[in-house]
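Following: one structure in C-alpha cells, then a few remarks.
Residues take their numbers from the sequence shown, with the count starting at 1.
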Amino acid sequence: MPASPVLGAIPEEAETAETLRRVDRTRLPLHVAVIMDGNGRWARARGLERIEGHAAGVEAVRDTVEGAARLGLSALTLFAFSIENWSRPAEEVAVLMELVRKYLRLETDNLVANDIRFWPIGRLHGLPGPVQASLEESVLATAGCRGLRLNVALNYGGRAEIVDAARRIAARALRDGAVPELDELAFGDFLETRGLPDPDLMIRTSGEERLSNFLLFQSAYTEFWSTSTYWPDFRRRDLYEAILAFQGRNRRYGALR
C-alpha cells in the first residue's frame, strides 16, 4: 500500500526519518495491533491525575496513526477500552468516553483526507449513546477510504469476542436449520476482525508483557514487541523501531526452518 500523499508532504524529524529509512517497505507487517498501556503511571510520575495521562495519550494515538499511514500499513488495531475497564472510577471512565468523542470530532476530517478508514470493534452497544453516535458518524464519514484500516477496540475483550462469535454461529444455525461448516478460517469470519489478516505484530507499551484479553484467537502466531515507554510518550519512531525488530525475526509458525 502506498504511503498517504498528504502525510508524505510533512517532513519527519531527523531521528525519526533515519529510523523510517531503515524499514524495508517490501516486508511490512500487514496488520499491527497495539496495547496502549501506561497512561496512569505516566501521570503519576509527573505528579498529575490519571485522567491527565489519558488526555496526553491522545497525541500518541494521533502520531502513531499518522506514522502507520505514512509507512503504508494495511491495518492498525488500537486497544482503547476493555470490558474490564468499567471497574475503574466513574469519573475516569467518563473522561475516557469523552476523549473518544473528542478524538473523533477533531480527527475524522484528517482521517478522510489521508484515506484512513475508521472501524470500531467490541460490544459497542454497551457504550454511552453519545459515544455510539460519534462512532457511527466517523464510520460513515470514512466509509469510502481505501488506505489504512484503523480499528479501535472499545468495550472489548478477547474472550467476549469468541463468545459473541459462537452466538453468531448458533444464530445462523437456528436460522438455516444447520450448523455452518467450520474450520479456523471460517470461524474468523464471525470475529470482529473479519476480512482482515491476523495481526503480524503486537506492540505493548509500559514494559508489560501480556495480552490482557486482546485479540486472543487472532494472535496465535503474532510476534510480540514490548517497550518500557509509557503510551503518552510513544511516537511513530517507536512504531518504526517495532517494525524493524519484526523484520529481523524468523517466523516459523511451528515448523523447523
Side-chain angles (χ1 to χ4, degrees), residues 3-4 7 10-13 15-17 19-20 23 29 31-71 73 75-82 85 88 92-93 95-111 114 116 118-122 134-135 138 148-154 156 199 201-210 212 214-215 224-246:
S4 162
L7 293 174
I10 304 174
E12 294 275 16
E13 295 180 359
E15 186 175 5
T16 301
T19 306
L20 177 59
V23 173
H31 184 181
V32 175
V34 185
I35 301 174
M36 305 181 294
D37 194 17
N39 291 347
R41 279 166 285 173
W42 180 92
R44 186 167 60 248
R46 291 160 175 76
L48 303 173
E49 297 293 329
R50 285 178 57 85
I51 58 177
E52 295 185 71
H54 297 312
V58 173
E59 181 56 35
V61 171
R62 180 181 296 113
D63 198 67
T64 301
V65 170
E66 291 184 356
R70 178 189 292 272
L71 189 57
L73 295 184
L76 176 69
T77 300
L78 304 179
F79 198 7
F81 189 86
S82 73
N85 286 156
R88 295 184 177 187
E92 182 178 349
V93 171
V95 167
L96 286 165
M97 293 296 108
E98 183 55 33
L99 285 173
V100 171
R101 295 188 67 204
K102 181 179 179 181
Y103 174 83
L104 294 173
R105 184 170 63 251
L106 295 176
E107 294 297 318
T108 295
D109 287 347
N110 190 43
L111 296 178
N114 290 287
I116 299 171
F118 173 78
W119 192 259
I121 65 173
S134 294
L135 294 172
S138 294
L148 174 72
R149 163 84 171 263
L150 172 61
N151 306 305
V152 177
L154 293 160
Y156 174 89
L201 173 64
M202 176 83 72
I203 297 170
R204 180 159 188 157
T205 59
S206 84
E208 304 293 343
E209 296 183 347
R210 58 181 178 274
S212 293
F214 185 45
L215 300 179
F224 199 85
W225 187 84
S226 176
T227 174
S228 60
T229 299
Y230 293 139
W231 177 248
D233 290 329
F234 192 92
R235 291 296 182 269
R236 68 185 69 183
R237 183 168 63 86
D238 300 289
L239 172 66
Y240 301 156
E241 290 286 359
I243 291 172
L244 282 171
F246 167 83

Practice item. Could you go through the side-chain contact (heavy atoms from CB on, under 4.5 Å) check for Arg70 and Tyr240 one step at a time? Key: CA-CA 11 Å; Arg70 178 189 292 272; Tyr240 301 156; 3.6 Å; yes

Check your understanding: Can Arg41 and Ser206 be said to form a side chain to side chain donor-acceptor pair (under 3.5 Å), step by step?
Key -> CA-CA 8 Å; Arg41 279 166 285 173; Ser206 84; 3.0 Å; yes

Practice item. Go through the steps for Met36 and Val61 under the test side-chain contact (heavy atoms from CB on, under 4.5 Å), then give the verdict. Key: CA-CA 9 Å; Met36 305 181 294; Val61 171; 3.8 Å; yes

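Minimum heavy-atom separation, Ala55 to Leu99: N-CD1, 3.7 Å. Closest approach of Leu148 and Val65 over heavy atoms only: CD2-O, 3.9 Å. Arg101 approaches Ser134 most closely through the heavy-atom pair NE-OG, 3.3 Å. Heavy-atom minimum distance, Glu49 versus Ala43: O-CB, 3.2 Å. When every heavy atom of Leu215 is checked against every heavy atom of Pro199, the shortest pair comes out as CD1-CG, 4.1 Å. A pairwise comparison of heavy atoms in Val152 and Ala80 identifies CG1-CB, 3.7 Å as the closest pair.
Residues that satisfy the salt bridge (charged side-chain N to carboxylate O under 4.0 Å, His left out) test with Glu92, not counting sequence neighbours, are Arg50, Arg88. When the salt bridge (charged side-chain N to carboxylate O under 4.0 Å, His left out) test is applied to Asp238, no partner is found at least two apart in sequence or on another chain. Every residue was checked against the ring-ring contact (aromatic ring centres under 6.0 Å, His included) condition with Phe246, not counting sequence neighbours, and none meets it. Listed by chain and number, the residues in a salt bridge (charged side-chain N to carboxylate O under 4.0 Å, His left out) with Arg105 amount to none (sequence neighbours excluded). Every residue meeting the ring-ring contact (aromatic ring centres under 6.0 Å, His included) condition with Phe234, not counting sequence neighbours, appears here in chain and number order: Trp231. Applying the salt bridge (charged side-chain N to carboxylate O under 4.0 Å, His left out) rule to Glu59 yields the partners Arg62; only residues at least two apart in sequence or on another chain are considered.
To the nearest 0.5 Å, atoms OG1 (Thr77) and CD1 (Ile203) are separated by 11.5 Å. Here the CG-NE2 distance, from Asn39 to His54, works out to 5.5 Å after rounding to the nearest 0.5 Å. To the nearest 0.5 Å, the span separating CG on Asn151 from CG on Leu78 amounts to 8.5 Å. Here the CG-CZ distance, from Leu239 to Arg237, works out to 12.0 Å after rounding to the nearest 0.5 Å. In this structure, the separation between CD on Glu241 and OG1 on Thr19 is 4.5 Å, given to the nearest 0.5 Å.
No side-chain heavy atom of His31 sits less than 4.5 Å from a side-chain heavy atom of Arg149. Taking 4.5 Å as the limit, some side-chain heavy atom of Phe81 sits within range of a side-chain heavy atom of Val93. Taking the side chain as every heavy atom from C-beta outward, Asn110 and Glu66 approach each other to under 4.5 Å. Side chains of Leu135 and Leu154 form a contact here, defined as non-hydrogen atoms less than 4.5 Å apart. Side chains of Leu104 and Phe118 form a contact here, defined as non-hydrogen atoms less than 4.5 Å apart. Taking 4.5 Å as the limit, some side-chain heavy atom of Leu73 sits within range of a side-chain heavy atom of Ile243.
Between Tyr156 and Phe214, the ring-plane angle classifies as perpendicular under the 30° and 60° cut-offs.
By the 6.0 Å contact criterion, CH2 on Trp225 is enclosed, its count of non-hydrogen atoms from other residues, nucleotides or ligands being greater than 12.
At least one donor-acceptor pair closer than 3.5 Å links the side chain of Thr205 to the backbone N or O of Asp37. Side chain of Arg46 to backbone of Trp42: a donor-acceptor contact under 3.5 angstrom is found. Here the side chain of Ser226 pairs a donor or acceptor atom with the backbone of Glu208 at under 3.5 angstrom.
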